[in-house]
Participant: 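Once you've had a glance at the structure underneath, I'll fire off some questions.
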Amino acid sequence: MKLPPTYDASANEPEIYKLWEDSNIFAADAKSQKEHFSIMMPPPNETGTLHIGHALGTTLQDILARHARMQGKDVLWLPGTDHAALPTNALIEEQLRKEGITKHEIGREEFLRRTKEFVSQSRNTINKQIKVMGASVDWGRSRYTLSDPLSRIVNEVFVKMYNDGLIYRGYRIVNWDPKLETNVSDDEVEYMEEKTKLYTLKYGPFEIVTARPETKFGDKYVVMHPDDKRYAKYREGDQFEAEWINGKVKATIIKDDVIDPSFGTGVMTITPWHSQVDFEIAERHNLDREQIIDLQGRLLPIAGEFNGLEIDQARPKIIEKLKTKGLLVNVEDNYLHNVATNSRGHGIIEPQIRLQWFIDVNKPAVLWKGKKLSFKQVMQTVVREGDIKIIPATFDKMYFHWIDNLRDWCISRQIWWGHQIPVWYSEDHNGQEEIYVSVLAPKSDKKWHRDPDTLDTWFSSALWTFATLIDPVLTKNYDLSLEDLLKNSPDFQAYHPTDVMETAWDILFFWVARMILATTYATGQIPFKTVYLHGLVMSENGGKMSKSKPETIIDPIEVINEYGADALRLALIQGMTAGSSQKLVRSKVITNRNFCNKLWNIARYVENFGQGNNQVAPQDIADHWILKRLIQTKDKINNDLDNFRFSDAYNKLYHFLWDDLADWYVEASKVKANKDLLIYILKNTLIIAHPLAPYVTEAIWQNLNYDDRPLAAQSYIRLIDHDEVMANNFSLVKDLVSETRRILHLLNEKDISLIYLKDELIYKNQTLIKKLSGVKDLKEVSVGSGLKLTGLTSSVWLAISPEKAEDYLKKLKQRKEQHLSHISRLENRLNNKSYLNQAPIEVINETKKQLDDFKKQLIEISREIKAFEAI
RNA sequence: GGGUGAUUAGCUCAGUUGGCUAGAGCAUCUCGUUUACACCGAGAGGGUCGGGGGUUCGAGUCCCUCAUCACCCACCA
């Protein structure tokens, strides 16, 4: 089949993906004798479509997977999706709101039915998109966090932690979102800057400052710094009466050093039920707490006449009342402060004290390498001791800092979409609450009711690397313990710990850290050996892409439709460095589309020579040279990919393919083609390029019928030998050609001959040199004349009269100056005793060689200049 | 308030333990339609590596300092 002149990605890609799927080459084989390699795809949220960040992650993982496969490993790249409890729940509630109904009206069951319908649609879209990007995942092993098998593991781990005393239930202050009626973890809180009023109020003998007067009804403690001299006469525990919003209150003095004496008056009252800091003060001093605001964000009866009002309505009325009572001292208008919001849905967080489930991160109950450690300690240990390596290493600091400040993890949520907590309650005969914590529901005839709360989404995601590897069939057997399940699952035995976790750095805490926490505990293994973190992809103007600003969003699917998946993949990794954000500019995508087309056209050229022969051998100097370059390139790319240097690998491929192969070897082959070698070089270039640009390479492979098995199933092979001297001879010819071209272009001359003194290399390759350099012809002479080339060991002249070469003379003089300065720099270096004593011998030898080369060239250049001046 | 990272050609970015005569792509300029490719070929110009100081035989790379930008954490009563 004759290839068309340009590579049309959209015409080739879908068929190729189908070919890969049909030939089942991405299926892992746990029983294989080959070395195993495993990587888990971070499961995308089933809330919509994939964004450009997913495209980057998918590309990097695909490169790793294909590279490992070509190294002859048995590769498992496991795909899947996340039920994304909070975001999904928020989305469905939003839908309901638009329809004018509330979740309470339709009930839990109907709500879940709707949600399931929505996510299954969303999942289809996502899976399609993953295919479009060319991801070589094992679809047969696709997993879902809210599926039965994974839910079983979620329950197992919950129960195990509960039995080990690592999960407890308690009254704690949580981040309550009245909008979604759930609490969220600290990490899910997002602060937004807001200008508001700051009120100074009179409170007994003190003045206090607040931005939130509506929380103040129950305040009966006044707190100040113990060392604050202004208030030295007050002692802890002193009491006084104060006129307050709804009449007189009895207040108590508390001294605590969290108070900043320089803020406001240095005195504050506290509301432990609705503030983290206040709650902690109350804990330390054993103080009363009272709820002021209910879970829907309305004031409670303690607010007296304001009972039932929403915060926004109540605030101005409260201030009005304070004013009439003469308690309002001052109002500052533009007070800048941060409002806590839920990062999903942006409900304003109202701290509340609630009975919740927590994971204790400080209790030493995790057995790790023979020691009992706390979750915090395990998470620190595995990274510090190098069991897990984070790339780039700079994220270590962030990781440790996060763990140092980690508090107990609140894992219960009040939303409906998610894993319902496996806890049941009942009353015993004394009316005392009885708790039943188990993977299965209690069977006794007592009346049990299940805890209505669900688990934080990240609890199930934390199990992703191993829960996905447990045999789903086994999970139906409840006689098996978690240990049994792990032991009897071939996939877990073969693929865990996984080799790499590749993900965006912004979920290092949410997810990566928690996988480490849960996996070390549940399996005794690390979840992965290496964590590779990629940066954010920014819009063309450098800002973050955000859903609220649709014009900033680059849709990967649109880009792929226009330029092809390979072009997008290559654009994303070109110049990318781990952990740093990058801007995706259109010109970059075009460049890489062109790259794919270049490869396509090399193949078109090679296609002309028909089918190859098994007898491949280099003959001419160009053959030896291209083989040498191919081997070097292959080794370097393999090394780069082994070390996660994606951009470097691509850079080397780019220049090999474009500069060496297309511009030199293909051109040389037009003089004399070694057909079999040409095909051999192309085949192996395709193999090397395949992990980076899978579609176009496979398209060529298929079109040229290179093998029965797809390119995606091929392995790197040991390349045939080449001769060093021959290869270097081509380099000499290349230099000669380049210099000739430069001079001809500079002088804007054509139809010039090259003449040379007897030289076997030039004699043998005169057709090649003539064709590549564009000279009229080559002649052997006994005496040279014209412009002598300065860059070569042989004596070669351009047969042009020197009078025509004024520009060239200028150039020569410039070069002479440059050479002189280099020479003096290198000589100084070599005269420096400290340098000679301390620099490594290779560096010194390199310097000597450089100096030598410069000197040799200088002689040539000077001689040429003299010849000019003699005219 | 605490911390981290960035600053290299007009633009987007590489530069792995210090050895660099600082690279690439795009853009610019010159020449060129030689049938694999104009999504092309040949050639050229363009940077005192943010400023200042230091360590070293040697600094884009390490240290200090300043400036600007980005991000993270904490949270302001």
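Reminder, nothing fancy here: chain letters follow the sequence lines and each chain counts from 1.
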Participant: Quantified in whole Å, what is the C1' atom distance between nucleotide B/rG47 and nucleotide B/rG32?
Facilitator: 30 Å
Participant: Under a 3.5 Å cut-off for both distances, is B/rA24 Watson-Crick or wobble paired, and to whom?
Facilitator: B/rU12
Participant: With heavy atoms under 4.0 Å as the rule, sort A/Arg593 into base, sugar-phosphate or nothing.
Facilitator: base
Participant: Which listed nucleotide (B/rG15, B/rU21, B/rG41) is nearest to the side chain of A/Thr577?
Facilitator: B/rG15
Participant: Determine the Euclidean distance between corresponding C1' atoms of B/rG58 and B/rG18; express it in Å to zero decimal places.
Facilitator: 8 Å
Participant: Regarding A/Thr269, tell me which of base, sugar-phosphate or nothing describes its non-hydrogen contacts under 4.0 Å with the strands shown.
Facilitator: sugar-phosphate
Participant: How many whole angstroms separate atom OH of A/Tyr191 from atom P of B/rG2?
Facilitator: 18 Å
Participant: Quick one: A/Leu572 CG to B/rG25 C1', roughly how many Å, whole number?
Facilitator: 15 Å
Participant: Return the nearest nucleotide to the side chain of A/Ser738; candidates are B/rG43, B/rA77, B/rG45.
Facilitator: B/rG43
Participant: What is the separation between atom CZ on A/Arg586 and atom P on B/rC39, rounded to the nearest whole Å?
Facilitator: 16 Å
Participant: Can you tell me which nucleotide in B/rA77, B/rU16, B/rU4 comes closest to the side chain of A/Asp648?
Facilitator: B/rU16
Participant: The side chain of A/Lys670 lies closest to which of these nucleotides: B/rU21, B/rA77, B/rA36?
Facilitator: B/rA36
Participant: Could you label the plane-to-plane angle of the A/Tyr203 and A/Trp244 rings as parallel, tilted or perpendicular, counting under 30° as parallel and over 60° as perpendicular?
Facilitator: perpendicular
Participant: Touch check for A/Trp505, heavy atoms < 4.0 angstrom, all strands: base, sugar-phosphate only, or nothing?
Facilitator: sugar-phosphate
Participant: Decide yes or no, distance alone: a donor-acceptor N/O pair under 3.5 angstrom between the base of B/rU30 and the side-chain of A/His745.
Facilitator: yes
Participant: Pick base, sugar-phosphate or nothing for A/His337, based on heavy-atom distances below 4.0 Å to the nucleic acid.
Facilitator: sugar-phosphate
Participant: Of the candidate nucleotides B/rG19, B/rG25, B/rA44, which contains the atom at the shortest distance from the side chain of A/Val843?
Facilitator: B/rG19
Participant: In whole angstrom, give the distance that lies between atom OH of A/Tyr399 and atom P of B/rG5.
Facilitator: 18 Å
Participant: Going by heavy atoms in the side chains, are A/Ile245 and A/Leu322 under 4.5 Å from each other?
Facilitator: yes
Participant: Do A/Asn342 and A/Glu188 pass the side chain to side chain donor-acceptor pair (under 3.5 Å) test, and can you show the C-alpha distance, the side-chain angles, and the key distance before you say yes or no?
Facilitator: CA-CA 6 Å; A/Asn342 182 353; A/Glu188 281 162 330; over 6 Å; no
Participant: Please lay out, stage by stage, how A/Gln276 and A/Glu280 fare under the test side chain to side chain donor-acceptor pair (under 3.5 Å).
Facilitator: CA-CA 6 Å; A/Gln276 178 77 41; A/Glu280 281 164 12; 2.9 Å; yes
Participant: Heavy-atom nearest nucleotide on RNA chain B for A/Tyr605 versus A/Val267: which residue maps closer to 5'?
Facilitator: A/Tyr605
Participant: B/rA38 pairs with which nucleotide, Watson-Crick or G-U wobble, both distances below 3.5 Å?
Facilitator: none
Participant: Output the rounded distance in Å from CZ (A/Phe510) to C1' (B/rC72).
Facilitator: 12 Å
Participant: State whether a side-chain donor-acceptor pair under 3.5 Å links A/Asn703 with A/Glu607.
Facilitator: no
Participant: Go through B/rG19, B/rA14, B/rA36 for me and flag the one nearest to the A/Tyr835 side chain.
Facilitator: B/rG19
Participant: At under 4.0 Å between heavy atoms, what does A/Ile259 touch on the DNA or RNA strands: base, sugar-phosphate, or nothing?
Facilitator: base
Participant: Paired with B/rG45: which nucleotide, if any, by Watson-Crick or G-U wobble criteria at under 3.5 Å for both distances?
Facilitator: none
Participant: How far, in whole Å, is B/rG19 from B/rC66 if one measures between their P atoms?
Facilitator: 28 Å
Participant: Under a 3.5 Å cut-off for both distances, is B/rC69 Watson-Crick or wobble paired, and to whom?
Facilitator: B/rG5
Participant: Which whole number of Å gives the distance between the C1' atom of B/rC40 and that of B/rU4?
Facilitator: 46 Å
Participant: Using the C1' atom in both, what is the distance from B/rU61 to B/rU56, to the nearest Å?
Facilitator: 13 Å
Participant: Base, sugar-phosphate, or nothing: which does A/Glu846 touch, judged by heavy atoms less than 4.0 Å apart?
Facilitator: nothing
Participant: Start with the C-alpha gap between A/Glu562 and A/Arg586, add the side-chain angles, then the distance that decides, and say whether salt bridge (charged side-chain N to carboxylate O under 4.0 Å, His left out) holds.
Facilitator: CA-CA 11 Å; A/Glu562 192 170 353; A/Arg586 179 170 291 261; 3.6 Å; yes
Participant: Please work out whether the ring planes of A/Tyr335 and A/His337 are parallel, tilted or perpendicular, with thresholds of 30° and 60°.
Facilitator: tilted
Participant: Could you tell me how far apart A/Asn405 (CG) and B/rC75 (C1') are, to the nearest whole angstrom?
Facilitator: 12 Å
Participant: Using atom P in both nucleotides, what's the gap between B/rG23 and B/rU28 to the nearest angstrom?
Facilitator: 23 Å
Participant: Could you give the CZ-to-C1' distance, from A/Arg407 to B/rC73, as a whole number of Å?
Facilitator: 12 Å
Participant: What nucleic acid atoms does A/Asp663 come within less than 4.0 Å of, heavy atoms only: base, sugar-phosphate, or nothing?
Facilitator: sugar-phosphate
Participant: Who does B/rC62 pair with, Watson-Crick or G-U, both distances under 3.5 Å?
Facilitator: B/rG54
Participant: Does one side chain, of A/Arg604 or A/Asn601, offer a donor that lies under 3.5 Å from an acceptor on the other?
Facilitator: yes
Participant: Ignoring backbone atoms, test whether A/Asn594 places a side-chain nitrogen or oxygen under 4.0 Å from the OP1 or OP2 oxygen of B/rC40.
Facilitator: yes
Participant: Relative to each other, are the rings of A/Tyr532 and A/Phe644 parallel, tilted or perpendicular (30° and 60° limits)?
Facilitator: parallel
Participant: Heavy atoms only, 4.0 Å cut-off, all strands: where does A/Lys811 land among base, sugar-phosphate and nothing?
Facilitator: sugar-phosphate
Participant: Mind checking the P distance from B/rU16 to B/rC62? Whole angstroms is fine.
Facilitator: 9 Å
Participant: Given that A/Arg825 and A/Asp186 both sit by RNA chain B, which one's nearest nucleotide is further toward the 5' end?
Facilitator: A/Arg825
Participant: Side chain of A/Gln276, base of B/rA74: donor and acceptor closer than 3.5 Å?
Facilitator: no
Participant: Using a heavy-atom cut-off of 4.0 Å across all strands, would you classify A/Ala603 as base, sugar-phosphate, or nothing?
Facilitator: nothing
Participant: Report the nucleotide, chosen from B/rU12, B/rU21, B/rU4, that has the shortest atom-to-atom distance to any side-chain atom of A/Lys588.
Facilitator: B/rU12
Participant: Checking A/Thr271 against A/Arg289: is there a side-chain donor and acceptor pair closer than 3.5 Å?
Facilitator: no
Participant: May I ask you to say what A/Phe595 touches in the nucleic acid, namely base, sugar-phosphate or nothing, with a heavy-atom cut-off under 4.0 Å?
Facilitator: nothing
Participant: Take atom P in B/rG60 and the same atom in B/rU17, then report the distance between them in whole Å.
Facilitator: 14 Å
Participant: Tell me what A/Val666 touches on the nucleic acid: a base, only sugar-phosphate, or nothing, going by heavy atoms under 4.0 Å.
Facilitator: base
Participant: If you check every side-chain atom of A/Thr591, which of B/rC26, B/rA14, B/rA77 has the closest atom?
Facilitator: B/rC26
Participant: Give A/Lys598 one of three labels, base, sugar-phosphate or nothing, depending on what nucleic acid heavy atoms sit under 4.0 Å from its own.
Facilitator: base
Participant: Rounded to the nearest angstrom, tell me the gap between atom CG in A/Leu406 and atom C1' in B/rA74.
Facilitator: 14 Å
Participant: From B/rU16, B/rA77, B/rG25, pick the nucleotide closest to the side chain of A/Tyr654?
Facilitator: B/rG25
Participant: Nearest to the A/Arg829 side chain among B/rA36, B/rA44, B/rU21, which nucleotide is it?
Facilitator: B/rU21
